[in-house]
Amino acid sequence: MPFRPLPTTDRGPGANTMPLDLPGNLTAPALPAAPALPIGTQRTFFVPDFRSMQQYTVSAVLQGIGNFCYIFVEEAEWNTRVTVETVASIVHAFEVATPANPEQGIYPTLTRFFGLPPDIDENGRVILLLLNIQDANHPSQYTAGFFNPADQSRGVLRTPGFRGFPIRSNEADLLYIDTQPLNPNSEIAHNVIAHEFLHLIHWRHDPHEATWVDEGCAGYASFLCGYSVLEHVGAFEKTPSVSLIAWPERDADALPHYGAAFLWMLYLHEQHGGTGTLAEIVRNRGTSLTGIADALALKGITQKVSDIFIEWKLANYLSDYHAVRLTLSPRRWHNSYPSGTQDGKLSNFSADYIGFEDAGGLTLGFSSNSGVNSAAHAIEFYSTGDVHVREITLSAGNSGSVVVPNAVTEVLLVPSLQTETINAGTHSSNYQYSAARGAHITFISAALPNPVHPRYWDIIAQPSESLVGLTPTVTLILFDNKVERLYRETQAMYQITQDMQGSHLYRLSFLLEPEIAPESVIYQISLDSRIVDTGSLTE
């Protein structure tokens with residue numbers, strides 16, 4: 001698994017976890033329990049350089065001791081970016097108080113719910129190494145902190161995250177916290193520590209957990225301690241169509257993904273069992289969607305993860321949370337109609353948000369090339385202030401439509417894809433949508449006797465524009481002695497091959513009994529219950 005950097009800014013926390021797929025080639029025996037260390041202890045740490053993806057050594061000195069932590073500081077950072085006051089503030093945040101609880105620090109808050117961290121060096125403490133992390137070191141994009149699972153092994157290792165170069169384990173329960181450009185004297189730095197500490201705990205329970213779950217839980221840990229998650233949430237608000245379960249490659253913008261993963265965990269917290277559910281997810285040995293489903297089942301929640309995802313995608317636009325307020329940015333807005341046929345693509349476990357202004361009376365059509373795992377919903381905003389959500393029922397051909405009531409001023413189309421499989425991250429789907437007021441769509445039609453079976457007739461219809469998610473229907477009526485009566489119940493027409501101009505044609509074939517005169521049969525073509533064309537068999 002390649003190393004995944006966390007771009008962040010000086011307005012919010014950063015976090016990272018080094019590759020999780022370390023080989024089991026331990027090259028050193030377990031060490032005896034470490035003795036207590038005095039202030040001033042010097043130690044050399046093996047640290048990754050994210051520019052070269054190789055290790056270098058950092059000389060650091062123990063400058064702070066708590067009941068649950070050692071704070072080592074890179075020598076070059078002491079009394080410059082890091083002072084005695086910095087260390088005291090970090091110890092206080094880690095052990096004594098957080099914004100959420102002035103009587104409980106990060107360590108007791110997170111271990112209470114999620115369990116103890118590992119203790120590979122058997123000293124009963126977590127090492128917080130404050131250093132200038134070697135990365136791009138750009139003030140608007142940098143690595144604010146990380147946890148390296150290599151430190152939970154022993155000796156010399158090889159891992160794909162370091163391009164195959166051998167690396168040495170520090171053989172310690174170690175969190176790396178940046179000092180440049182991250183301000184180590186800020187609450188943001190404490191936020192980073194909470195985030196990274198949850199990674200350490202999660203590693204003990206499930207070292208192979210999927211990145212999106214691991215990061216979502218770490219973001220939730222920051223929230224639980226009362227630290228801000230607004231930067232990640234804000235990035236998601238601007239790019240809400242990212243896949244929940246995917247994680248970007250190195251150098252890609254990961255902030256929206258952090259926001260999505262956190263909001264998913266927050267939604268489970270608020271709607272499906274509170275912190276107990278999140279604790280079950282952290283402890284569960286299953287990975288990704290399987291682990292989420294297993295954890296929910298252990299809490300007595302039998303609803304499918306894909307169904308919860310559908311609820312979540314709607315909750316995001318409606319800001320249906322207690323702890324945060326969201327304002328999502330739709331991918332596109334329409335304000336003139338007909339919109340024409342528009343194309344879109346969805347990654348698995350993602351949703352799009354497409355807005356329509358002046359929406360009263362619109363017909364929204366939707367179709368997807370995916371099967372039962374596609375869904376589409378319309379969020380209708382009424383002039384009265386009411387909000388209604390309607391599912392667009394999809395046919396066997398994965399298409400459907402809704403007619404928007406006249407009292408609606410604005411509507412959001414929210415298509416999504418949610419396929420629960422082992423390789424869920426590889427799935428995607430293409431979709432189409434359109435918006436038109438029915439009166440704008442007209443038809444040209446004709447009735448033709450079948451040249452092979454003379455008692456069969458074909459009714460052919462060509463719409464004035466593509467019908468995305470819409471299906472025309474035909475009703476047959478007998479007109480005899482100036483009296484009309486129903487001959488055949490309404491039937492759906494079938495889409496057939498395109499004509500020379502690329503427009504789709506629709507056909508209905510039916511048998512005309514010998515006793516029925518062709519000139520007495522009238523057909524009516526309807527679209528969304530509106531008659532759009534009529535004719536007789538012999539016109």
Side-chain donor-acceptor contacts of residues 286-310 below 3.5 Å, not counting sequence neighbours, with atom names and distances?
residue: S288; atom: OG; partner: W212; partner atom: NE1; Å: 3.0
residue: Q303; atom: NE2; partner: E311; partner atom: OE2; Å: 2.8
residue: S306; atom: OG; partner: E420; partner atom: OE2; Å: 2.9

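Under the 3.5 Å distance criterion, with hydrogens and angles disregarded, a donor-acceptor pair is assigned to the side chains of D151 and Y176. A donor-acceptor pair shorter than 3.5 Å cannot be found between the side chains of S89 and T86. Counted by atom type alone, S222 and N191 present one or more donor-acceptor pairs between their side chains at under 3.5 Å. Donor-acceptor pairing under 3.5 Å is recorded for the side chains of S368 and S374.
Taking the six-membered ring for Trp and thresholds of 30 and 60 degrees, Y107 and F197 have nearly parallel ring planes, at less than 30 degrees apart. Ring geometry for Y227 against H190 counts as perpendicular: the plane angle is over 60°, on a 0 to 90° scale with 30° as the lower cut. Taking the six-membered ring where tryptophan is involved, the planes of H269 and Y220 are tilted, since the angle between them lies from 30° to 60°.
Remark: the backbone N or O of A323 is paired with a side-chain donor or acceptor of E270 at under 3.5 angstrom. Q432 places no side-chain N or O within donor-acceptor distance of the main-chain N or O of Q342, the cut-off being under 3.5 Å. Under the 3.5 Å distance criterion, the side-chain polar atoms of N369 are matched with a main-chain donor or acceptor of N430. Checking side-chain atoms of T179 against main-chain N and O of L131 turns up a donor-acceptor pair under 3.5 Å. For the pair S319 (side chain) and L326 (backbone), a donor-acceptor distance under 3.5 Å is present.
For the pair L268 and I281, the minimum side-chain heavy-atom distance is below 4.5 Å.
Partner of N316 under the side-chain hydrogen bond (donor to acceptor under 3.5 Å, both in side chains) criterion, out of Y267, Y321, W264: Y321 alone. For the pairing with L362, the side chain to side chain contact (heavy atoms under 4.5 Å, CB included) check across V402, N406, V404 returns one residue only, V404.
Taking CG of L314 as the reference point, atom NE2 of H377 lies at 5.5 Å (rounded to 0.5 Å).
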